[in-house]
Colleague: 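Quick one: the structure is below, questions incoming.
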Amino acid sequence: MGILNVTPDSFSDGGRFVDRERALAHAHQMIADGADIIDVGGESTRPGASPVSVDEEQARVVPLVEALAREGLLVSVDTRKPDVMKAALAAGAGMVNDVRALQAPGAAEAAVAGRAAVCLMHMQGEPRTMQKEPHYADVVTEVRDFLVGRARASEAAGIARERIVIDPGFGFGKTVAHNLALLRGLRVLVETGYPVLAGLSRKSMLGALADRDVNERASASVAAALAAVARGAAIVRVHDVRETVDALKVWQAIETE
Ligand code: 7PJ
């Protein structure tokens with residue numbers, strides 16, 4: 001899954017892709033580099049990011065979703081807002097990627113009506129404050145139980161089991177130690193039977209571990225993506241598609257006899 005940010009304040013693309021043509025070109029490059037899904041997001045969830053109105057978010061994402069879906073690409077929409085989900089699904093998106101795991105009123109209904117696949121992500125707290133003092137007794141078990149609960153609720157709402165992906169939400173209300181525990185214990189999520197998505201690309205835990213600024217985290221991100229796939233992740237959400245795909249090709253050739 002290649003990340004396409006259309007947020008002027010997104011922390012790692014710095015608004016470079018606000019221009020639609022450039023955003024489309026970037027998506028095409030990610031597909032050429034081996035991405036299977038393009039994840040279009042119009043609202044930054046970074047700690048302290050300013051909120052975006054429904055109208056503004058739709059204006060950012062819908063034209064891109066429409067253009068990419070028209071080309072037959074699988075497009076995911078990274079949003080917490082049911083109205084944005086509806087508009088993106090009507091424009092041809094095939095997947096809803098919701099950091100709130102469809103907890104907003106109307107979100108599950110929007111996904112059901114749009115016959116979407118969904119990615120249900122775990123987050124402790126709210127983006128503005130989530131990194132203040134994250135706390136867990138047992139992070140792996142708590143995240144798993146939350147995600148299984150949300151998956152069951154989604155199924156009860158009418159989303160087919162085979163359309164549900166779960167995601168531990170690296171960096172969303174988690175310390176570096178929590179993130180490492182979740183990555184080490186990713187098998188516990190995989191064993192639920194739901195495909196697992198891992199989003200570690202350029203995140204601050206990698207900055208802490210490798211001592212790199214956000215735009216110098218490609219190698220650290222590739223290492224993290226490989227570690228996630230080695231533990232059973234089905235999808236990795238990444239900025240550096242070419243580097244990640246190269247590494248996965250080598251790794252898979254070695255692992256496959
Ligand atoms: C994630 C996401 C993630 C899913 C973001 C960033 C922050 N969606 N959206 N999983 N992260 N499913 O890319 O650093 O980890 S936004």
Side-chain angles (χ1 to χ4, degrees), residues 1-17 30 35 37-52 57 60-61 74-81 84-85 88 93-103 107 111 116-128 130-131 134 143 146-147 150-151 154 163-174 176 178-179 182-183 186 189 194-208 212-215 217-218 220-221 224-225 227-228 233-241 244:
M1 173 185 275
I3 301 168
L4 189 64
N5 281 322
V6 282
T7 53
D9 61 349
S10 173
F11 84 95
S12 62
D13 285 329
R16 283 185 288 124
F17 298 113
M30 292 195 287
I37 310 171
I38 299 295
D39 188 42
V40 180
E43 181 191 37
S44 174
T45 42
R46 76 194 250 221
S50 42
V52 180
E57 196 178 330
R60 289 178 188 173
V61 304
L74 176 50
V75 182
S76 141
V77 60
D78 186 347
T79 186
R80 301 179 271 175
K81 298 191 183 80
V84 178
M85 293 173 192
M95 182 172 195
V96 167
N97 173 24
D98 182 6
V99 300
R100 300 270 346 264
L102 303 180
Q103 291 178 105
V118 297
C119 178
L120 306 172
M121 199 197 79
H122 177 274
M123 168 164 62
Q124 184 177 88
E126 293 294 322
R128 204 167 49 79
M130 64 192 178
Q131 290 306 102
V143 167
F146 169 83
L147 291 172
R150 293 308 306 151
S154 300
R163 296 202 168 212
I164 297 173
V165 174
I166 59 172
D167 179 346
F170 291 104
F172 285 84
K174 282 128 192 150
V176 173
H178 293 141
N179 289 319
L182 282 167
L183 186 48
L186 206 68
L189 299 190
Y194 295 100
V196 171
L197 184 153
L200 289 145
S201 189
R202 299 188 188 172
K203 286 193 174 169
S204 67
M205 76 176 272
L206 304 180
R212 293 287 179 203
D213 286 339
V214 66
N215 286 313
R217 294 177 191 163
S221 299
I235 304 173
V236 282
R237 180 181 178 276
V238 306
H239 300 87
D240 304 291
V241 173
T244 309

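One-based numbering, in listed order, for ligands and for the atoms of each.
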Colleague: Side chain, backbone, both or neither: which part of Asp78 comes within less than 4.0 Å of ligand 1 when only heavy atoms are counted?
Modeller: side chain
Colleague: Would Val84 and Val61 count as a side-chain contact (heavy atoms from CB on, under 4.5 Å) if you check the C-alpha gap in whole Å, the side-chain angles of each, and the deciding distance to 0.1 Å?
Modeller: CA-CA 8 Å; Val84 178; Val61 304; 3.9 Å; yes
Colleague: Taking the minimum heavy-atom distance to atom 10 (N) of ligand 1, which of Val165, Ile166, Asp167 ranks first?
Modeller: Asp167
Colleague: Given Met1, which partner from the list Leu197, Ile38, Val241 fulfils the side chain to side chain contact (heavy atoms under 4.5 Å, CB included) test?
Modeller: Leu197
Colleague: Do Arg202 and Asp240 meet the salt-bridge criterion of a basic N to acidic O distance under 4.0 Å?
Modeller: yes
Colleague: Please compare Arg237, Met95, Lys203 and report which has the shortest non-hydrogen distance to atom 15 (O) of ligand 1.
Modeller: Lys203
Colleague: Which residues pass the salt bridge (charged side-chain N to carboxylate O under 4.0 Å, His left out) test with Arg80, not counting sequence neighbours?
Modeller: Glu43
Colleague: Identify, with sequence neighbours excluded, every residue that meets side-chain hydrogen bond (donor to acceptor under 3.5 Å, both in side chains) alongside Asp78.
Modeller: Arg237
Colleague: Short list, please: which atoms of ligand 1 are under 4.0 Å from a heavy atom of Gly199?
Modeller: 15 (O)
Colleague: Which ligand 1 atoms are under 4.0 Å away from a heavy-atom of Cys119?
Modeller: 12 (N)
